[in-house]
Structures are given as C-alpha cells and as structure tokens.
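Numbering of residues begins at 1 and proceeds along the displayed sequence.
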Amino acid sequence: MTHPDPSTSLPIISTLRSRVESLLLVSDEPVTPEELARVLSTDDSPVSEADARAALTEIADEFDARGSGFELRDNDGAYRLHTRRANSDAVEAKLLDGTQQRLSRAALETLAVVAYRQPVTRSQVAAVRGVNCDGVMRTLALRGLIAVTGEQAGANLYSTTEMFLEQLGIESLSQLPDLAPLLPDVDSIDD
C-alpha cells in the first residue's frame, strides 16, 4: 500500500499553532489563551492573547471537522485536550483492561463524600462515613479520581479530579445531583 506524500495532502500549520499543540499535550491543567501568549511570547516575536485564541479555535475546529480522536474543550476560557466523547467506550475498555472495573461500595461512598464536600480532609471523610478511610482514599488517588489540592492545619485537603468528571460524563461539579435532602448534617461536621 502506498501512502500519499503528506506535504501535498495536508496543509502546513503555523509555528504558533505547532507550539500551542505541544503545550496542550504537556499541560497537566487546562490553559488559557493568556497563559499561552505569555509563555510563547519573545522579545522578537510577541504573541497576543487573540493570536493564541485563534490557534486554539483552529485546532478545535480541525479536530471536529476531521472526526479526530482528540477534542479540544473550552471550560470557562481554559482549554484542554481530551479524548473524543464518542470514543469513550473504547477508551474505557483500554483503561480498565486487566483492572478491577468497579469500585467497592466503600470507595463509592468515600468518593461521594469527597465530591460533595471538597476540599476535604481524610478525617472529615471518616467522620461522615463513620469508619477509617485511609486505604480507600489511597486507592481513589491511585486511580486518579481524587488528588491532594491543599493543606489545612497540617492535613491534606482532597478534591476530585478532571478524570472524575470525565468518568461521570459531566463538565463540572455543579452538574452533580443535589444531596441536601439525603445528607442534611454534612455541613455541620467539624475538622
């Protein structure tokens, strides 16, 4: 099978776009056009926020038009590469290949407490659940569903991750169902 010469079948992209793509690939967190412009600007070649935003729009539009396995999502002005939602079954199968597919009831309960109370310490989670949750918290962190996001009085604060949102298929925590009628005393739990 012969392959077409890529130089004749695909347009050459700009250096700016190439650099934006590279930064998107290595960024652990969503990036804003302002951050990209600051990082990419040099004395000889300034990059404006509008230039960075145009490159992001071009990337997102091309990925969508081609049906790429990637999509560039904008979440409140911050951009991040994701696998295409339409491919979630294949991605999930790969990620879960050879691993336990379901979380235990204890892990689900702990994850729910973290999701609704975040940021939260281990002791706060244990107070809600009524049992020690150190092992379960480590498991959830290893699976990338929660992470340390700060410190309070010497104790780590935990919050859910972007992967947690992706696994639930939601964009933000505001899309979680309201639990107030089910857990009326959660807000009164002290450190």
Side-chain angles (χ1 to χ4, degrees), residues 1-103 111 114-115 118-119 139-150 158-177:
M1 175 179 196
T2 60
H3 296 283
D5 178 3
S7 65
T8 60
S9 60
L10 295 174
I12 300 298
I13 62 173
S14 69
T15 301
L16 172 62
R17 176 173 163 176
S18 177
R19 290 178 176 172
V20 168
E21 288 176 356
S22 294
L23 291 173
L24 288 167
L25 281 172
V26 300
S27 295
D28 290 337
E29 298 292 326
V31 294
T32 64
E34 178 184 46
E35 292 168 320
L36 291 170
R38 187 180 65 249
V39 169
L40 294 170
S41 287
T42 64
D43 290 336
D44 297 334
S45 181
V47 175
S48 70
E49 189 175 332
D51 294 337
R53 184 174 283 108
L56 289 164
T57 300
E58 183 182 319
I59 293 166
D61 291 349
E62 182 180 313
F63 284 173
D64 289 342
R66 292 178 49 220
S68 175
F70 299 108
E71 58 186 12
L72 184 59
R73 293 187 202 159
D74 173 2
N75 188 7
D76 293 329
Y79 295 79
R80 187 173 195 173
L81 285 175
H82 294 270
T83 56
R84 187 157 302 278
R85 286 186 182 109
N87 298 337
S88 62
D89 291 344
V91 172
E92 183 178 357
K94 171 61 179 156
L95 290 175
L96 298 176
D97 185 33
T99 64
Q100 180 183 355
Q101 291 191 14
R102 295 181 182 260
L103 292 174
L111 188 56
V114 174
Q118 63 187 299
T139 299
L140 293 172
L142 285 171
R143 288 193 175 197
L145 298 171
I146 65 171
V148 175
T149 56
Y158 291 86
S159 298
T160 55
T161 63
E162 184 73 24
M163 180 183 285
F164 169 78
L165 297 175
E166 288 176 20
Q167 292 293 319
L168 289 181
I170 60 177
E171 294 289 322
S172 73
L173 293 171
S174 66
Q175 293 176 297
L176 288 172

Engineer: Any side-chain heavy-atom pair from Asp51 and Leu16 closer than 4.5 angstrom?
Structural biologist: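 Heavy-atom side-chain distance check passes, below 4.5 Å.
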Engineer: Determine whether Leu176 and Leu168 satisfy the following criterion, side chain to side chain contact (heavy atoms under 4.5 Å, CB included), listing intermediate values before the conclusion.
Structural biologist: CA-CA 9 Å; Leu176 288 172; Leu168 289 181; 3.9 Å; yes
Engineer: Leu24 and Tyr79: which non-hydrogen atoms are nearest, and at how many Å?
Structural biologist: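 Result for this residue pair: CD2-O, 4.1 Å.
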Engineer: Is there a donor-acceptor contact under 3.5 Å from the side chain of Ser41 to the main chain of Val47?
Structural biologist: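 Here the side-chain-to-backbone pair exists.
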Engineer: Roughly how far, to the nearest 0.5 Å, is CZ of Arg80 from CG of Leu56?
Structural biologist: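 Here the rounded value is 14.5 Å.
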Engineer: State whether Glu34 and Arg38 are salt-bridged, where the test is any N-O pair (Lys NZ or Arg NE/NH1/NH2 against Asp/Glu carboxylate O) under 4.0 Å.
Structural biologist: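 Not counted as a salt bridge, because no side-chain N and carboxylate O are separated by less than 4.0 Å.
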Engineer: Roughly how far, to the nearest 0.5 Å, is OG1 of Thr32 from CG of Asp74?
Structural biologist: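 Here the interatomic distance stands at 10.5 Å.
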Engineer: Can you list the steps and then say if Leu40 with Leu23 is a side chain to side chain contact (heavy atoms under 4.5 Å, CB included)?
Structural biologist: CA-CA 10 Å; Leu40 294 170; Leu23 291 173; 3.6 Å; yes
Engineer: Atom CG of Leu111 and atom OG1 of Thr139: how far apart are they, to the nearest 0.5 Å?
Structural biologist: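 Result: 11.5 Å between the selected atoms.
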Engineer: What heavy-atom pair brings Ala55 and Val20 nearest, and what distance separates the two atoms?
Structural biologist: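 The answer is CB-CG2, 4.1 Å.
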Engineer: Is any side-chain heavy atom of Val114 closer than 4.5 Å to a side-chain heavy atom of Leu145?
Structural biologist: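 Side-chain contact under 4.5 Å: no.
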Engineer: Can you list the steps and then say if Glu162 with His82 is a side chain to side chain contact (heavy atoms under 4.5 Å, CB included)?
Structural biologist: CA-CA 10 Å; Glu162 184 73 24; His82 294 270; 3.4 Å; yes
Engineer: If I compare all heavy atoms of Leu165 with all of Ser172, which pair ends up nearest, and what's the gap?
Structural biologist: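 For Leu165 versus Ser172, the nearest heavy atoms are CD2-C, 3.9 Å.
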Engineer: So which heavy atom on Asn87 is nearest to which on Gly69, and how close?
Structural biologist: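 Of all heavy-atom pairs spanning Asn87 and Gly69, the closest is ND2-CA, 3.7 Å.
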Engineer: Do the non-hydrogen side-chain atoms of Tyr158 and Val148 ever get within less than 4.5 Å of each other?
Structural biologist: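 They are in side-chain contact.
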Engineer: Give a yes or no on this: more than 12 heavy atoms of other residues, nucleotides or ligands lie within 6.0 Å of atom CZ of Phe63.
Structural biologist: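 Yes.
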Engineer: Going by salt bridge (charged side-chain N to carboxylate O under 4.0 Å, His left out), name the residues that satisfy it together with Arg17, two or more places apart in sequence or in a different chain.
Structural biologist: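 So Arg17 forms a salt bridge (charged side-chain N to carboxylate O under 4.0 Å, His left out) with Glu21, Glu58, Glu62.
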Engineer: Find the distance between CD (Gln118) and CG (Leu173) and round it off to the nearest 0.5 Å.
Structural biologist: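 That separation rounds to 4.5 Å.
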Engineer: List the atom of Glu35, the atom of Pro30, and the distance in Å for their closest heavy-atom pair.
Structural biologist: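 Minimum heavy-atom separation between Glu35 and Pro30: OE1-O, 4.0 Å.
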Engineer: In chain order, what residues pass the salt bridge (charged side-chain N to carboxylate O under 4.0 Å, His left out) check against Arg84, with sequence neighbours excluded?
Structural biologist: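 Partners of Arg84 under the salt bridge (charged side-chain N to carboxylate O under 4.0 Å, His left out) test: Asp64, Glu71.
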Engineer: Which heavy atom of Thr160 sits nearest to which heavy atom of Ala115, and what is that distance?
Structural biologist: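 Smallest interatomic distance, heavy atoms only, reads CG2-CA, 3.7 Å.
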Engineer: Can you tell me how far CD1 of Ile59 sits from CG of Leu81, rounded to the nearest 0.5 angstrom?
Structural biologist: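 Answer rounded to 0.5 Å: 7.5 Å.
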Engineer: Once you round to the nearest 0.5 Å, how far does OG1 of Thr161 lie from CD1 of Ile146?
Structural biologist: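 Rounded to the nearest 0.5 Å, the OG1-CD1 separation comes to 8.5 Å.
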